[in-house]
Amino acid sequence: MGNHRAQRRAPRPAGIVTPRAPGGRRRATPAPKHPLTGLPMVPTVAGAVAVAVAAGGAATAGAGKADAVQQVQSDPASMQAPAFSEFDTLGMGADLDQRQQAISRDSERDALQDAADTRLQSAVESQARQRNAALTNLARSAETQAAKIKKNAWHLPTTGYHLTARFGNSGGLWSHNHTGLDFATATGTPITAVANGVITETGYDGSYGNKTVERLEDGTEIWYAHQSEIDVKPGDRVIGGQQIGHVGSTGNVTGPHVHVEVRPGGGDPVDPYTAMIYHGLQP
Ligand SMILES: [Zn+2]
């Protein structure tokens with residue numbers, strides 16, 4: 001901002017003739033007050049412009065100039081240098097055209113400067129808007145994250161796996177279509193709770209082998225099967241991602257894996273793959 005003001009008061013280019021009264025002060029010595037009257041310069045300039053407009057006609061004092069003068073008046077600080085040099089040194093006999101030119105030149109320059117200030121102001125406001133938008137986005141993403149945690153985010157049940165059997169697959173191993181999703185990984189690999197919940201059942205269950213049932217907060221049952229070891233007991237509260245057992249090959253299997261079932265409300269199983277996608281996971 002300081003640079004703008006400094007440039008505004010820079011000396012005019014050489015070659016522009018500005019009459020001076022004998023002994024008049026030079027424009028390089030701006031003063032806030034009229035040297036004779038001691039009054040602020042603004043009314044003087046406004047008066048001079050009025051005279052110029054009245055005497056000189058429309059050639060240099062059109063509507064656009066009037067606007068510029070208006071802007072000049074609204075910014076006293078910008079008045080000091082030109083006001084003093086132009087109007088203090090112009091005597092009664094000075095040529096009106098020159099006076100008008102001086103007024104026009106200063107008015108236009110100040111109008112340009114004001115336009116530049118307006119652009120700067122716009123840029124600042126634009127940056128403020130962008131910053132506010134960024135902050136709003138940040139707050140939204142934090143809310144989303146908080147909502148996710150509150151909603152009891154799901155976790156994958158094990159690591160280093162590949163899927164070997166999908167929900168609904170049929171085959172010799174099962175009397176019905178496959179009721180879960182099989183995550184095949186090395187024996188002993190930790191099995192972790194899919195989400196927060198309570199362990200409701202553990203133990204050996206025929207073709208399931210070692211099985212653990214967890215009831216989630218929304219009533220959905222998650223069944224984990226074929227464990228080599230079970231690390232929890234009925235009544236245990238677990239949180240998503242907490243270790244509850246180890247991958248094994250107990251029950252009716254051809255290799256080590258954890259068989260996971262998703263049973264909303266403890267009823268019939270649904271496709272765990274779809275359920276995990278729904279809960280933001282990519283099995
Ligand atoms: Zn299975």
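This one's a predicted model, so the numbers in the text were calculated from it and none came from an experiment. Counting starts at 1 for both ligands and their atoms, in listed order.
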Quiz item: Would you say the side-chain atoms of E221 and T200 include a donor-acceptor pair closer than 3.5 Å?
Solution: no
Quiz item: Is H257 close enough that one of its N/O/S atoms sits under 2.8 Å from the Zn ion (ligand 1)?
Solution: no
Exercise. Taking the side chain as every heavy atom from C-beta outward, state whether Y208 and T179 have any pair of such atoms under 4.5 Å apart.
Key: yes
Quiz item: From the Zn ion (ligand 1) out to just under 2.8 Å, does an N/O/S atom of H259 turn up?
Solution: yes
Quiz item: How many degrees, to 10°, between H178 NE2 and D182 OD2 as seen from the Zn ion (ligand 1)?
Solution: 90°
Practice problem: Quick one: closest heavy-atom pair of L281 and H155, and the distance? | Solution: CD1-C, 3.5 Å
Self-check item: Path from I230 to V194 over hydrophobic side-chain contacts below 4.5 Å
Solution: yes
